[in-house]
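Written out below as structure tokens is the structure these notes cover.
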Amino acid sequence: MAGGKGGKATAAKSADKDKGKKVPVSRSSRAGPQEKSAPKKDVYQLFAEKVRDNKQLESRWAIMQETRVEYFRGKDFTTFMKNHAEVREILGPDKDLEVEDVVNTLLSKNLVIRCDRVWKTVRPGKKKLSSWPAHLEIHHEQVFTENDGFFAWMFLKRRTLWQTILSFVWPLFALAVCLFPVYPYQCKIVVLYSCAGALLFIVSLLLLRAAIFGILWVLFGKRVWFFPNINAEETTFRELVRFWPEKDEGERPKLSSRLFYATVAVLVILLLRHHAPDEAARARYQKKVSNIIDDVLEWSPKLALSGMMEKHTGANATESSNYSSETGSGGHAPPTNNNEGETAEADPDMDSQTNSGDVQDDDENGDDDMRT
């Protein structure tokens, strides 16, 4: 009995010691609560970012409520989901949902929004509505549809590395433009010819594009725009490098209208040629422009400072010479007398009187001689 009581007491003491000891915790168990407490990104957000970054889904840019948005068509999204089943793996348990249910979930989470074209009727001269309208508005029914359904992304796209680099480069570029007057002469020459070449290239491209369009429109009635429209607000970089024109969807214009616009174009060209400046005027304009460019190129801080110093020293020399001349004339100028001036003014009259008296005496003497 005593041995049994002693064994129980020993077991109780060992149990108390085990309670007092700390149980070792693994790293995975420590990190478990922290990972659960961290906010987990929505799978549909990840899915939308993945789909938007994929170049296989065709998309365009348009203006919606004075804001540029990127949008895609419903039928293109359906085709994309059928051809790229690996994108569905991001959705996890919802990967087997239909395309309509996936897009409706994106709509409910405000990741996309359904849009509609602003002009719903065919414009004059067009055969059908544009496949990619340039202006959109919000649709009143926010549900998925493949038939003429447009959906715009509502979240900001992740900034790429190039965008991050450009965000730091643009302020430096603006500062460099402001410091152009203090550049060395050779740097100014490089910048001037580079900017002039870029401007000449843009203007030449626009004129060539308009000339090709006008000739083909007048001769064949086809609307063919080679090269991209660099003046459009919704133009993307992918469209800027496009050379081949898109398919003409408009109705062929009438021959009378083509002849009328061709006549107007010829008259405008002849009018401009008639009123063009002559060689002398062009030479004057060229000389004036070259003088302005030379002034800009040859200006430097040292030249400006030296000119200011010369101007300052010249002003000081002029003031000192004026002061010396004033002091010299004030010290040696004789005083004037009003009485002398009056007598001097009266002298001519007195001389005239004496001369007339002499003449009378001469006449009297001459008469006396005749009488004798």
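Nothing here was measured: the structure is a model prediction, and the numbers come from that model. Starting from 1, each residue takes its place in the sequence as its number. The figures that follow rest on heavy atoms only: side chains count, while hydrogens, waters and symmetry mates do not.
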- [ ] Under the side-chain contact (heavy atoms from CB on, under 4.5 Å) rule, what do Glu58 and Arg73 come out as? Steps first, then yes or no, please.
- [x] CA-CA 8 Å; Glu58 187 176 3; Arg73 297 181 298 187; 4.3 Å; yes
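- Residues Ile138 and Phe155 are members of separate hydrophobic clusters, defined by side-chain heavy-atom contacts under 4.5 angstrom among Ile, Leu, Val, Met, Phe, Trp and Tyr.
- Linking Ile, Leu, Val, Met, Phe, Trp and Tyr residues whenever their side-chain heavy atoms come within less than 4.5 Å leaves Leu136 and Phe151 in two separate clusters.
- Between Met64 and Cys115, the closest heavy-atom pair is SD-SG, 3.5 Å.
- Here the closest heavy-atom approach between residue Trp119 and residue Leu129 is recorded as O-CD2, 4.0 Å.
- Without hydrogens or angle criteria, Thr67 side chain to Gln65 main chain gives a donor-acceptor distance under 3.5 Å.
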- [ ] Report the C-alpha distance between Leu199 and Cys195 in whole Å, list the side-chain angles of each, state the deciding distance to 0.1 Å, and finish with yes or no for side-chain contact (heavy atoms from CB on, under 4.5 Å).
- [x] CA-CA 6 Å; Leu199 183 61; Cys195 295; over 6 Å; no
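- Counting heavy atoms from C-beta outward, Leu270 and His274 have side chains that stay 4.5 Å or more apart.
- Rounding to the nearest 0.5 Å gives a distance of 4.0 Å between NZ of Lys109 and CG of Asp42.
- Atoms SG and CG, on Cys187 and Leu179 in that order, are 12.0 Å from each other to the nearest 0.5 Å.
- Among the candidates Phe77, Tyr71, Phe72, the single residue satisfying the ring pair (Phe, Tyr, Trp, His ring centres under 6.0 Å) test with Trp153 is Phe72.
- Cluster annotation: Val224 and Leu219 are assigned to the same hydrophobic cluster (Ile/Leu/Val/Met/Phe/Trp/Tyr, side-chain heavy-atom contacts under 4.5 Å, transitive).
- For Phe150 and Trp132, the ring centers sit 6.0 Å or farther from each other.
- Between Arg52 and Glu49 there is no salt bridge, since no side-chain N of the basic residue sits under 4.0 Å from a carboxylate O of the acidic one.
- Proximity of a side-chain donor or acceptor of Ser204 to a complementary backbone N or O of Phe201 within less than 3.5 Å is not detected.
- Counting heavy atoms of neighbouring residues, nucleotides and ligands inside a 6.0 Å radius, atom CD of Glu86 exceeds 12 of them.
- Interatomic distance, Glu98 CD to Thr78 OG1, rounded to the nearest 0.5 Å: 10.0 Å.
- Residue Arg88 comes nearest to Leu97 through the heavy atom pair NH1-O, 2.7 Å, listed as atom of the first residue, atom of the second, then distance.
- In this structure, the separation between CZ on Phe173 and SG on Cys178 is 10.0 Å, given to the nearest 0.5 Å.
- Of all the heavy atoms in His135 and Ala62, the pair that sits closest is N-CB, 4.4 Å.
- Remark: Leu107 CG to His139 NE2 distance equals 11.5 Å, nearest 0.5 Å.
- Looking only at side-chain heavy atoms (C-beta outward), Tyr185 and Ile189 come within less than 4.5 Å of each other.
- In this structure Asp94 satisfies the salt bridge (Lys or Arg N to Asp or Glu O under 4.0 Å) test with no other residue, sequence neighbours excluded.
- Residues Leu46 and Val51 share a single hydrophobic cluster, defined by chaining ILVMFWY side chains whose heavy atoms lie under 4.5 Å apart.
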Open item on the list: Before you tell me yes or no, could you show the steps for Gln56 and Asn83 under side-chain contact (heavy atoms from CB on, under 4.5 Å), namely the whole-Å CA-CA distance, both residues' side-chain angles and the distance that decides it to 0.1 Å?
Closed with: CA-CA 10 Å; Gln56 299 299 323; Asn83 298 333; over 6 Å; no
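- Within 6.0 Å of NZ on Lys157 lie more than 12 heavy atoms contributed by other residues, nucleotides or ligands.
- In Phe220, the CZ atom is not crowded: 12 or fewer heavy atoms of neighbouring residues, nucleotides or ligands sit closer than 6.0 Å.
- In summary, Lys120 and Glu137 engage in a salt bridge, as defined by a charged side-chain N under 4.0 Å from a carboxylate O.
- No more than 12 heavy atoms of other residues, nucleotides or ligands sit less than 6.0 Å from atom CG of Asn147.
- In this pair, His84 and Phe80 present their aromatic rings parallel. The plane angle is below 30°, not in the 30 to 60° band.
- A donor-acceptor contact shorter than 3.5 Å links the side chain of Tyr183 to the backbone of Ala176.
- For the pair Lys188 (side chain) and Pro181 (backbone), a donor-acceptor distance under 3.5 Å is present.
- A donor-acceptor pair under 3.5 Å links the side-chain atoms of Arg282 to the main chain of Pro277, judged by distance alone.
- Annotation for Val43 and Ile90: closest pair CB-O, 3.7 Å, computed over non-hydrogen atoms.
- Here the CZ atom belonging to Phe144 is positioned 8.0 Å from the CG atom belonging to Asn104, to the nearest 0.5 angstrom.
- Taking hydrophobic clusters as Ile, Leu, Val, Met, Phe, Trp and Tyr residues chained together by side-chain heavy-atom distances below 4.5 Å, Val218 shares a cluster with Val268.
- Across Val99 and Met81, no two heavy atoms sit closer than the pair CG2-CB, 3.9 Å.
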TODO: Would you please test Arg114 and Thr145 for side-chain contact (heavy atoms from CB on, under 4.5 Å) and show each step?
DONE: CA-CA 9 Å; Arg114 185 184 174 187; Thr145 178; 3.1 Å; yes
